[in-house]
There are 2 protein chains.
Amino acid sequence: MPTDTTSARAPSGPRSLEHPDRADIRLAEVLHALADPMRLRIVRALAAAEGELNCADIELPVSKSTCTHHFRVLREHGVIRQLYRGTAKMNGLRREDLEELFPGLIDGVLRAADLQAGRLGEE
Amino acid sequence: MPTDTTSARAPSGPRSLEHPDRADIRLAEVLHALADPMRLRIVRALAAAEGELNCADIELPVSKSTCTHHFRVLREHGVIRQLYRGTAKMNGLRREDLEELFPGLIDGVLRAADLQAGRLGEE
DNA sequence: GCAGTCATACGATAAGTGTCGTACTACGGT
DNA sequence: ACCGTAGTACGACACTTATCGTATGACTGC
């Protein structure tokens, strides 16, 4: 499906990213996307900075290509939204969509992640 | 380690299962355990039947060995508790432990699963 | 004690995942 | 027009996973 240049890609802009429609987001996939420490970090960072963040704003102990990979997983499973803004790519949580689909889920996960980080960080 | 008959197995009873301590349960692992449609089904069934369920009580479209595999994943990641009761094995959600660790998380996931099942089941 | 039932163990397999490095593309500024 | 920066694509790799089938072990009841 990456060869379809009509529907998924933005009209004129050369760089555009595919995002699943809200109705296509599946719980198991969202959980899968969140079930990785690195991606959990990313999501926490995005939630903390309520606006949008550059990829490089989140310090991760992995290479750039791995970072790209994780962001893509999050985007393709409907957890974040990405769009280009000049040379950078801004990332934001899809809070509204997720809240509509699975009320309370994201907040629960974020809260759990905070709790665990507190427990593990100051032991 | 399956050859070690002294440590892993309970003192007298021949059949005993290892469960992680509550403090050893990790959010990413719980999410991973839940991030599979088959396991999500299992967890929903266990939550619905508030008591304990036999493995065979949950109809799954997979072989018995695969079923065992999924139950083990859930147990090893701290989502369910299993114990032998005669020839059967009873399974129950570790609601208390999970609620203590990650308040609201399991309920959020279960609610999300119900919502999605409703959406997908009666379309 | 023997057979039946429930579940496990083990091996196999195919597919998926996280990670990396290198090569490449897109954009913005000089 | 060129260079630097931000991010992607691609191939490689080791590891994990979901699945199965068959063989094995544990308990119940006859």
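For clarity, every value in this text was computed on a predicted model and none was experimentally measured. Keep in mind that the numbers below use all heavy atoms, side chains included, and drop hydrogens, waters and symmetry copies. So that the names make sense, note that chain A is the first sequence line, chain B the second, and so on, each numbered from 1.
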Inter- and intrachain pairs under salt bridge (Lys or Arg N to Asp or Glu O under 4.0 Å), touching residues 33-47 of chain A, at least two apart: A:Arg44-A:Asp114
Let me know the distance between CG of B:Leu17 and P of C:dC6, rounded to the nearest Å. 18 Å
Salt bridge (Lys or Arg N to Asp or Glu O under 4.0 Å) partners of residues 60-71 of chain B, not counting sequence neighbours, each pair once: none
Set of residues satisfying side chain to side chain contact (heavy atoms under 4.5 Å, CB included) with respect to B:Pro37, sequence neighbours excluded: A:Ala28
Between D:dT28 (P) and B:Asn54 (CG): distance, integer Å: 14 Å
Once you round it to whole Å, what is the distance between P of D:dT5 and OH of A:Tyr84? 19 Å
Residues at least two apart in sequence or cross-chain that pass side chain to side chain donor-acceptor pair (under 3.5 Å) with A:Thr66, listed by chain then number, are A:Ser63
Looking at residues at least two apart in the chain, or sitting in another chain, which of them share a salt bridge (Lys or Arg N to Asp or Glu O under 4.0 Å) with A:Asp57? none
Tell me which pairs pass side-chain hydrogen bond (donor to acceptor under 3.5 Å, both in side chains) where either residue lies in residues 25-35 of chain A, with sequence neighbours left out. none
Is B:Arg94 reaching over with its side chain to a backbone N or O of B:Glu99, donor-acceptor style, under 3.5 angstrom? no
What is the distance, to the nearest angstrom, from the CG atom on A:Leu53 to the C1' atom on D:dA6? 15 Å
Looking at residues 62-77 of chain B, who's got a heavy atom less than 4.0 Å off DNA chain C? B:Lys64, B:Ser65, B:Thr68, B:Arg72
Whole angstroms only, please: what is the CD1-P distance between B:Ile58 and C:dA7? 10 Å
Near-strand residues of residues 32-40 of chain A, defined as heavy-atom separation under 4.0 angstrom from DNA chain C: A:His32, A:Asp36, A:Met38, A:Arg39
Side chains of residues 73-80 of chain A: which donor-acceptor pairs under 3.5 Å do they make with residues two or more places apart or in other chains?
unit_1	atom_1	unit_2	atom_2	d
A:Arg75	NE	A:Gln82	OE1	2.6
A:Arg75	NH1	A:Glu18	O	2.9

In this structure, how many angstroms lie between the P atom of D:dA26 and the CG atom of B:Leu83, rounded? 17 Å
